[in-house]
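A quick write-up on the structure given underneath.
One is the number of the first residue; the rest follow in order along the sequence. Worth saying up front: this structure is predicted, and the values here are computed from it rather than measured. Just follow the structure's listing: the first ligand is 1, and inside any ligand the first atom is 1.
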Amino acid sequence: MFEVSSFEALFRTIQPQTAYILEKALEGREIEVEEGEYLFGVQGADLWALVAVADELRRRTVGDVITYVQTRNINFTNVCYTGCRFCEFGKPLHDPEAYTFSIEEVVERARQARAWGCTEVCMQGGLNPKLPATIYFELVEAIKAAVPEIHIHAFSPFEIQYGSARLGISHEDFLRRLKDAGLGSIPGTAAEILDTDVRRRLTRNKLSAEAWVSIIKTAHRVGLRSTATIMYGHIDTPAHWARHLDLLRRIQRETGGFTEFVPLGFIHEKTLLYLEDGARPGPTGMEDLKMHAVARLMLNNDIPNIQVSWVKLGYKMAQMCLCAGANDFGGTLHDERISSAAGTTAGTYTSPATFQRLIRDLGRVPAERTTLYQILQVYA
Ligand SMILES: C[S@@+](CC[C@H](N)C(=O)[O-])C[C@H]1O[C@@H](n2cnc3c(N)ncnc32)[C@H](O)[C@@H]1O
Ligand SMILES: Nc1c(NC[C@H](O)[C@H](O)[C@H](O)CO)[nH]c(=O)[nH]c1=O
Ligand SMILES: N[C@@H](Cc1ccc(O)cc1)C(=O)O
Ligand code: SF4
């Protein structure tokens, strides 16, 4: 049984309802959707108690190691007509900033990545109607032929839906062919908020919440693991967040395919969602802390790894969230473009030395991992 007693004194100083839920969490019991929603509303001493309990659960489940992965983003095209209101990365074909890499350019980037020490390439793009629908297979095959040892983490559920629809084949056949070509895993992006009403206001043409769930489950069934994400801090509410977390853990109980959960705070600066549609200017610092902490409480029994996105949070807030339930620092990235296009100034690359320094500053232990959380080296 989990130890509750060391928290007793702290719990006497906070709201009884908060204390009740935090005790349940320390006992390893399930935090219900309504309880998660309640926790998103706590402030002051209750918020710090939530953070302390999330940090304790993190310590019990995954210990004091904080991992990171050497990976290079290859955003092979930004041409996209979906028009998501939160995205400044996607551009129409004739936009002066539109670009598409050739297969040779993508392969060259993967080769360089390997030479720099990367074990992964993270590849996502716009939905570019000028590219052949077979581009997804061609990219994977070409990278595998040139750099066979690199793990290819690529193509969001939306890209899977788009590619398979254009080829007229099932999601399952499309995913199996990608896996046979050498795909290693898929990013769980395009999740945004898995709620029909919110999605309608974020983006008119994007895949539905149901399709996201179905494609993720299909990927897991064919043996392709994925990350899980949420994009929060725009027109969404704590009720959406708690339901989203609950949906992710229910998927995980069916498939076991999620490697980690990555909260992605909305980068608002240049987006139409903020400038024209009245969305909030991204999450506040307290919302960032609560997102990582409540995720730890609700997911701890099902998804052990919670990743901070340093691109969205910046290093200082990322460090804080690593003290509030998270245990993974994400990737080196090298060429981050999506958040940068939306106006973040957090940077496009983080070196292993920087990760190690920021992790040591927390009194924790840095370690490099692979995409699937195999530890490559611990920096004791
Ligand atoms: C840019 S898309 C690339 C893959 C594909 N086009 C898709 O939409 O699935 C990848 C993810 O980036 C995230 N993203 C885009 N713009 C963002 C922003 N302004 N703030 C935070 N995340 C953003 C969204 O979660 C989105 O699903
Ligand atoms: N969090 C962001 C990522 N993450 C990619 C990860 O580094 C990696 O692919 C994953 O950990 C696989 O296990 N990439 C971005 O471009 N922007 C982010 O905010
Ligand atoms: N972190 C995501 C990928 C990602 C890429 C770009 C983003 O803007 C956000 C997330 C994953 O590994 O699954
Ligand atoms: S989020 Fe993806 S689908 Fe939406 S506009 Fe951006 S690149 Fe296109």
Checklist entry - Are the charged groups of Arg280 and Asp236 less than 4.0 angstrom apart, N to O? => result yes
Item to check | Arg176 with Asp173: basic N within carboxylate O range, under 4.0 Å | outcome: no
Next on the checklist: Within the structure, is a non-hydrogen atom of Gly282 found at a distance of less than 4.0 Å from ligand 1?
Outcome noted: no
Item to check | Atom indices of ligand 2 within 4.0 angstrom of Gly331 heavy atoms, with elements | outcome: 7 (O)
Checklist entry - Quick one: which ligand 2 atoms are inside 4.0 Å of a heavy atom on His153? => result 9 (O), 12 (C)
Checklist entry - Which ligand 4 atoms are under 4.0 Å away from a heavy-atom of Phe86? => result 1 (S)
Next on the checklist: Tell me whether the NZ or CZ atom of Arg177 lies within the 45° cone about the ring axis of Phe174 and under 6.0 Å from its centre.
Outcome noted: no
Checklist entry - Closest non-hydrogen protein atom to atom 20 (N) of ligand 1, residue and atom name please, with distance? => result Ile267 N, 2.9 Å
Checklist entry - Just checking, is any N or O donor in the side chain of Asn75 or Asp335 under 3.5 Å from an acceptor N or O on the other one? => result no
Next on the checklist: Suppose we measure from atom 27 (O) of ligand 1 to each protein heavy atom; which comes out shortest, and what is that distance?
Outcome noted: Glu192 OE2, 2.6 Å
Checklist entry - Counting heavy atoms only, which part of Leu333 comes closer than 4.0 Å to ligand 2: side chain, backbone, both or neither? => result side chain
Item to check | Any donor-acceptor pair under 3.5 Å from Arg357 side chain to Asp361 backbone | outcome: no
Next on the checklist: Quick one, Tyr315 with Thr350, criterion side-chain hydrogen bond (donor to acceptor under 3.5 Å, both in side chains). Give me CA distance, side-chain angles, the key distance, then yes/no.
Outcome noted: CA-CA 10 Å; Tyr315 293 144; Thr350 297; 2.7 Å; yes
Checklist outcome for this item: So the atoms of ligand 2 within less than 4.0 Å of a heavy atom of Lys312 turn out to be 19 (O)
Item to check | Check: Tyr68 ring centre within less than 6.0 Å of Phe329 ring centre | outcome: no
Item to check | atom 13 (C) of ligand 1: the protein heavy-atom neighbour that sits closest, reported with distance to 0.1 Å | outcome: Ile338 CG2, 4.3 Å
Next on the checklist: Polar contacts were defined as any N/O atom of the residue lying under 3.5 Å from an N/O atom of the ligand; does this apply to Asn73 and ligand 2?
Outcome noted: yes
Item to check | Contact partition for Arg72 relative to ligand 2, non-hydrogen atoms under 4.0 Å | outcome: neither
Checklist entry - For Leu127 and ligand 1, does the shortest N/O to N/O distance drop below 3.5 Å? => result no
Checklist entry - Counting only N and O atoms by type, is there a donor-acceptor contact under 3.5 Å from the side chain of Gln319 to the main-chain atoms of Ile359? => result no
Checklist entry - Hey, which atoms in ligand 2 end up nearer than 4.0 Å to a heavy atom of Gly330? => result 7 (O)
Next on the checklist: Test your reading of the structure: does Thr71 have an N or O sitting under 3.5 Å from an N or O of ligand 2?
Outcome noted: no
Checklist entry - To which of Gly126, Gly125, Ala342 does the heavy atom nearest atom 6 (N) of ligand 1 belong? => result Gly125
Checklist entry - Does the N or O separation between Glu120 and ligand 2 drop below 3.5 Å for any pair? => result yes
Checklist entry - Between Ala367 and Val65, what is the shortest heavy-atom contact and its length? => result CB-CG1, 3.6 Å
Checklist entry - Could an N or O of ligand 2 be found under 3.5 Å from any N or O of Thr227, whether backbone or side chain? => result no
Checklist entry - Is there a heavy atom in Lys206 that sits closer than 4.0 Å to ligand 1? => result yes
Item to check | Polar contact flag, side-chain donor to acceptor under 3.5 angstrom, Gln307-Asp328 | outcome: yes
Checklist entry - Hey, are Glu192 and Arg199 close enough for a salt bridge, meaning a charged N less than 4.0 Å from a carboxylate O? => result no
Item to check | ligand 1 to Ser156 polar contact by distance, N or O atoms, under 3.5 Å | outcome: yes
Item to check | For the student: nearest non-hydrogen atoms of Gly36 and Ala242, plus distance | outcome: C-CB, 4.1 Å
Checklist entry - In terms of residue, atom name and distance, what is the protein heavy atom nearest to atom 18 (C) of ligand 1? => result Phe86 O, 3.5 Å
Checklist entry - Does His268 reach ligand 1, in the sense of a heavy atom lying below 4.0 Å from it? => result no
Next on the checklist: Counting non-hydrogen protein atoms only, what is the nearest one to atom 10 (C) of ligand 1? Give residue, atom name and distance.
Outcome noted: Gln124 OE1, 3.8 Å
Checklist entry - To which protein heavy atom is atom 2 (C) of ligand 2 closest, and what is the distance rounded to 0.1 Å? => result Ser309 OG, 4.0 Å
Item to check | Numbered atoms of ligand 2 (with element) below 4.0 Å of Thr371, judged on heavy atoms | outcome: 12 (C), 13 (O)
Checklist entry - What part of Arg337 sits under 4.0 Å from ligand 2 if we count only heavy atoms: the side chain, the backbone, both or neither? => result neither
Item to check | For His234, ring pair (Phe, Tyr, Trp, His ring centres under 6.0 Å) partners two or more places apart | outcome: Phe266
Item to check | Phe258-His220 aromatic ring centre distance below 6.0 Å | outcome: yes
Item to check | Donor-acceptor under 3.5 Å (His334 side chain, Arg72 main chain) | outcome: no
Checklist entry - So which heavy atom in the protein is nearest atom 23 (C) of ligand 1, and how far is it from that ligand atom? => result Met231 SD, 3.6 Å
Checklist entry - Between Tyr99 and Phe101, does the ring centroid distance fall short of 6.0 Å? => result yes
Checklist outcome for this item: Nearer than 2.8 Å to atom 8 (Fe) of ligand 4, the protein contributes N, O or S atoms numbering 1
